[in-house]
Every structure is written in structure tokens, then in C-alpha cells.
Amino acid sequence: MDPSDVVGTLNHKVEAAALNGAPAPDCSTGQKDTSPADMLRMKQQMSNQCFEMAVQIHAGKSKRSCSTSEAERDLPDYLSELERIKTIHFNSSLSLHRMQMWHAIGEKLKQNDSEADTLKAVSDRCMALCSHIKQVQQESKKLQDDITEIQKKRLEMKRLTHEKMKEMEELMSKKQHPDTEKYKTALEKGQKNLEKYKKMTIMTQNVLRGILLACKVNWLDDPKLRDIAMTLEEFPISD
Amino acid sequence: MSSLKPFNKLPGLNTANILLVEFEEQFQQSLADALVEETAVTVNVRLAKSLPLPKENEESRPRIDLVVFIINLTSELSFQSAEASLKYLDPGFFLGKVCFMVTNARNASVPTERLDAVRKLAASLHCPLLFAEDQTPEGLANATERLLTILKVTAGLIPMATALYLSNLTRCTVPPDIDQPTFD
């Protein structure tokens with residue numbers, strides 16, 4: 001039997017069964033309380049099945065010969081197109097439901113009965129909470145700004161301190177160097193001269209002492225000679 | 001030879017029919033018990049060791065929405081039996097109404113080539129490949145849940161999804177380096 005024929009007849013049968021809404025032989029048990037929601041669900045199911053069978057028929061009709069690799073290449077494009085359309089559909093139905101709900105809420109509020117009162121109370125509470133949230137958010141934003149300001153200032157201070165420290169170090173190191181340079185040479189020269197003159201003085205003192213001892217001069221009696229002889233002892237003999 | 005055709009019979013209202021094919025006939029029993037506990041839909045589970053199905057119940061058998069091949073990776077026979085049974089399925093089934101379920105994939109004695117072969121088979125047929133753990137009740141519950149999700153779509157119970165669409169999203173793919181040796 002031609003598969004498309006079979007599927008075609010089946011399609012008609014299923015549609016007829018779904019339209020009748022009569023319980024099919026398969027579900028004779030346990031379907032006593034078919035609420036409208038259940039029936040809608042079953043109708044959805046049947047339409048889904050019909051759709052699948054229609055796809056099968058359609059696929060059988062358009063026979064286009066192409067290799068599997070070609071088909072594999074085209075498949076992702078078709079899939080992404082399908083997904084795009086599905087998301088658009090989903091988003092539109094979502095916004096439609098939203099509009100329906102808002103309309104229903106509005107109608108309910110207009111009716112002014114007990115449920116409407118509770119709705120109003122809830123929405124008032126929501127409004128109060130939202131304004132409170134907004135206020136708190138603004139406060140926190142202000143505090144955050146203050147914190148950022150202070151942090152910026154602190155950073156600036158740190159930077160300045162750092163700079164000043166560097167300058168100071170530089171100055172100090174600079175000052176030592178040229179001064180010590182000049183000092184060093186002068187100091188060395190002075191020290192050399194001092195040594196020279198020290199040696200000369202000691203030598204002359206030794207010579208004088210030698211002369212005094214050799215000439216057997218009585219230097220104790222003469223006060224001027226005694227003073228000179230006393231000062232001779234101040235410098236150490238060995239230099 | 002009779003082959004199972006997807007659109008031979010009328011679908012049932014608010015029912016879903018699933019066929020579990022397993023060579024060892026072990027896991028399918030516990031899966032079946034877990035599957036029929038679903039309350040929102042009437043789930044009919046048919047068990048088989050391999051295809052082709054016996055001709056005697058050809059008339060009384062309802063329309064099968066989903067065929068699941070359960071392959072135990074520790075035995076080569078399981079895989080071969082599943083492969084042989086594939087011939088008796090009408091090609092129309094492979095547009096989303098066939099699923100492969102693999103157990104014992106974590107077992108150390110399983111050679112990697114077998115899992116690769118199953119993967120390649122599932123990828124070439126564009127079918128989803130599920131891994132199940134059959135020793136613990138959590139594994140069983142997990143496997144049941146996943147099978148139920150796929151089953152509901154193939155039975156048309158999910159409004160905006162069809163079996164073909166779902167199979168395209170969940171089909172098994174083979175990584176390009178599957179033939180290269182792994183580091184063990």
C-alpha cells in the first residue's frame with residue numbers, strides 16, 4: 001500500500017475522531033472527568049499528531065535527490081531559521097499573554113468587589129515597596145559616590161606624599177655629593193700640611209732638647225728657659 | 001518481513017506508547033515499572049527482546065510512539081542484536097522516534113571501541129544517545145525522567161515541539177577525533 005495514501009486516510013480519521021471528542025477505544029478507562037483543560041490538551045495532542053503526519057506526506061511528495069553531505073550542510077541553516085521563528089513566536093505570545101493579563105486585571109479592578117479590593121491593596125503595597133526601593137537605591141548611590149570621592153582624594157594624597165619623598169631623597173643625595181667633593185680635596189690637603197708641620201715641629205723640638213742637654217745649660221733657674229723646656233715634653237717623642 | 005511502521009495506526013488520546021528493546025531483558029523491566037507510574041499521561045510500555053516483533057499481536061498492538069534500544073556495553077551480543085533489529089524498523093521511525101540508551105558505560109572492562117561504535121551508529125541515524133545507570137534507584141529515576149521527556153514529545157503532548165525537531169536538537173554527534181587513540 002502506498003505510504004502516503006495510508007497516512008492520508010489516517011489523517012482524516014484522526015481529525016474526525018478529535019472533532020467528535022468522543023472517547024476513543026484506547027482510553028475507555030479513567031477518563032470520567034475530562035475538564036475543558038484536559039480536552040484542550042488532548043486536542044493539542046491530536047493536532048500535533050496530524051501535523052507530524054502531514055509532514056510525512058509532504059516529505060513523501062517532494063522527492064528531491066541530493067546526497068547526504070549536501071543535506072547535512074543545509075541542515076544547520078534550516079535549524080537556525082526554525083529556531084529564530086520559534087523564538088519570535090514565543091516572544092509575541094508572551095507579550096500577548098501579558099496584555100491579556102493586564103486587561104483582565106484592569107477589568108477586575110473596575111468591578112469593585114472584594115477581590116478587587118485585595119488586588120488594589122496588593123498593588124498599593126507594591127507601589128509603596130517600589131518607591132521605598134527607589135529611595136534606598138538613591139541613598140546607596142550617593143554613599144557610593146562619596147566613598148569614591150574619598151578614595152580619589154586619598155589616592156591623590158598618597159601620590160603627592162610619594163612625590164615629595166622622592167624629591168627629598170634626591171635633594172639629600174645631591175647635597176652630600178658636591179660638598180664632600182670640595183671638602184675631600186681641601187681636607188686631604190690640610191691634613192697633609194698638618195702632618196708636615198707637625199713633623200717639622202717635633203724635629204726642631206728634638207734638636208733643641210738635644211742642644212740643651214748637650215750644652216748642659218741650667219734651664220731650671222731661668223724662668224723663660226724653663227717655660228720653653230716644659231713645652232718640649234708635650235709632644236710625644238715617637239711620631 | 002514485517003517492519004514496524006510509525007503511522008500505521010491511530011494515536012491514542014492522552015496516551016503514549018513506548019517500546020523497549022533489550023537483548024538481556026533486565027533493565028527494561030525496572031524501567032517499565034518506573035515509567036507506568038507517570039500520572040499525567042497513560043503510558044503503555046511494550047517490552048521486546050529484539051525485532052521483528054511477533055506477528056500474532058500485530059492487530060492488538062497500539063501505535064508505537066518511541067522505540068528505545070537498550071544496549072549493555074559489557075556484552076558484544078547486545079550491540080549486535082540491536083544493530084540487527086534496526087533493519088526491521090521503517091525508515092519513518094528514524095525521524096525522531098528512535099532513541100538509544102546505553103548502560104554500564106563506566107565499567108572498566110568495556111572496550112572503548114564499542115562505545116565509539118555505538119556513538120557512530122547513533123550519529124549516523126541522527127538519534128539521541130542516553131547514558132543510564134541501572135544499578136541504583138537514582139539512576140533508574142533519572143533514566144525514566146529523560147525517557148519520559150522524549151516520549152511526551154513524540155506522543156505529541158508538548159505543544160510546540162515535534163519529535164523531528166527534538167531529535168535535531170538532541171541527536172548524538174561524534175567528536176572529530178574519535179578515531180584517534182585516547183590516553184589511558
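Proteins come first, then strands; the chains are lettered A, B, ... in the order of their sequence lines, and each starts at number 1.
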* To do: Under the salt bridge (charged side-chain N to carboxylate O under 4.0 Å, His left out) rule, collect the residues that match up with A/E115, sequence neighbours excluded.
  =>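 Once residues adjacent in sequence are excluded, the partners of A/E115 under the salt bridge (charged side-chain N to carboxylate O under 4.0 Å, His left out) criterion are A/K108.
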* To do: Look at B/A163, B/G92, B/A155 and state which one has the largest set of heavy-atom pairs under 4.5 Å with chain A.
  =>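 So the answer, after comparing B/A163, B/G92, B/A155, is B/A155.
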Which portion of [X] sits near chain A, non-hydrogen atoms under 4.5 angstrom:
| X | value |
| --- | --- |
| B/A40 | backbone |
| B/N44 | neither |
| B/K97 | side chain |
| B/I158 | backbone |

* To do: Kindly give the heavy-atom pair with the smallest separation between B/R46 and B/P62, and that separation in Å.
  =>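 Looks like NH1-CD, 3.5 Å.
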* Could you pull out the closest heavy-atom pair between B/A105 and B/L73, with the gap in Å? =>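 Where B/A105 meets B/L73 most closely, the heavy atoms are CA-CD1, 3.7 Å.
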* Verify side chain to side chain contact (heavy atoms under 4.5 Å, CB included) between A/L129 and A/C126, making sure each step is shown before the conclusion. => CA-CA 5 Å; A/L129 283 172; A/C126 277; 5.8 Å; no
* Contacts of A/V55 that satisfy side chain to side chain contact (heavy atoms under 4.5 Å, CB included) - sequence neighbours left out ->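 Partners of A/V55 by the side chain to side chain contact (heavy atoms under 4.5 Å, CB included) criterion, ordered by chain and then number, come out as A/F51.
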* Could you tell me which residues satisfy ring pair (Phe, Tyr, Trp, His ring centres under 6.0 Å) with B/F93, sequence neighbours excluded, listed by chain and number? =>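 Ring pair (Phe, Tyr, Trp, His ring centres under 6.0 Å) list for B/F93, sorted by chain: empty.
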* Are any non-hydrogen side-chain atoms of B/K49 and B/S81 less than 4.5 angstrom apart? ->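 B/K49 vs B/S81: side chains apart.
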* **side chain to side chain contact (heavy atoms under 4.5 Å, CB included) evaluation trace for B/F23 with B/N72** => CA-CA 8 Å; B/F23 187 69; B/N72 189 347; over 6 Å; no
* Considering heavy atoms only, which positions within residues 122-146 of chain B lie below 4.5 Å of chain A? ->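 Hits under 4.5 Å: B/H126.
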